[in-house]
Amino acid sequence: MKAFLYVGLGGAIGAMARYGFSMKAAIPINTLLINILGSILIGFIAQLALSSHVSPQLVLLIKTGICGGFTTFSTFSLETFQLIEKKAWLPAVSYIFTSVMLCVGYLWECMVPVY
């Protein structure tokens with residue numbers, strides 16, 4: 001039962017943070033920035049959990065709760081669909097490529113051990 005509370009608390013924090021970032025721009029740059037920040041945070045906490053003693057509750061709070069509430073893949077999908085619907089092919093493809101490459105790249109950077 002405590003695990004649900006950690007996830008719920010983290011989800012509330014993440015959702016409120018996402019709302020704070022959610023001012024709409026002409027292009028969906030805010031969603032891209034949220035997904036990049038979320039990828040950095042989830043990569044950092046995942047690596048930290050692997051390399052040191054971090055409480056499982058803190059990992060659950062941050063990784064599942066905050067990152068789950070903060071990142072916006074469903075919003076990314078909707079915004080991409082809306083660009084495609086408008087036949088804005090170049091912005092749609094650019095947005096998909098940039099989002100995936102930057103988010104996976106930043107997560108990779110956080111997960112690769114530093115020597």
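For the single chain, residues carry numbers from 1 onward in sequence order.
Applying the under-4.5 Å side-chain rule to Ile, Leu, Val, Met, Phe, Trp and Tyr, the cluster around Trp89 extends to Ile84.
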How far apart are the C-alpha atoms of Leu9 and Leu61, what are their side-chain angles, what is the distance that settles it, and do they pass the side chain to side chain contact (heavy atoms under 4.5 Å, CB included) test? CA-CA 7 Å; Leu9 175 62; Leu61 175 83; 4.0 Å; yes
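Between the CD atom of Gln47 and the OG atom of Ser52 there is a distance of 9.0 Å, given to the nearest 0.5 Å. In this structure, the separation between CE on Met16 and OH on Tyr19 is 12.5 Å, given to the nearest 0.5 Å. Taken from CZ in Arg18 to CD1 in Ile13, the straight-line distance is 13.5 Å, to the nearest 0.5 Å. A distance of 12.5 Å separates CD1 in Ile66 from OH in Tyr6, rounded to the nearest 0.5 Å.
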Listing, residues 32-45 side-chain donor-acceptor contacts under 3.5 Å, not counting sequence neighbours, or none:
unit_1: Asn35; atom_1: OD1; unit_2: Thr72; atom_2: N; d: 2.9
unit_1: Asn35; atom_1: OD1; unit_2: Thr72; atom_2: OG1; d: 3.2
unit_1: Asn35; atom_1: ND2; unit_2: Thr31; atom_2: O; d: 3.4
unit_1: Ser39; atom_1: OG; unit_2: Asn35; atom_2: O; d: 2.8

Distance-only check: which donor-acceptor pairs under 3.5 Å involve side-chain atoms of residues 95-104, not counting sequence neighbours?
unit_1: Tyr95; atom_1: OH; unit_2: Pro28; atom_2: O; d: 3.4
unit_1: Tyr95; atom_1: OH; unit_2: Glu79; atom_2: OE1; d: 3.0
unit_1: Thr98; atom_1: OG1; unit_2: Ser94; atom_2: O; d: 2.7
unit_1: Ser99; atom_1: OG; unit_2: Tyr95; atom_2: O; d: 2.8

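The shortest distance between side-chain heavy atoms of Leu58 and Lys63 does not fall below 4.5 Å.
One hydrophobic cluster, built from ILVMFWY side chains closer than 4.5 Å, holds both Tyr106 and Phe76.
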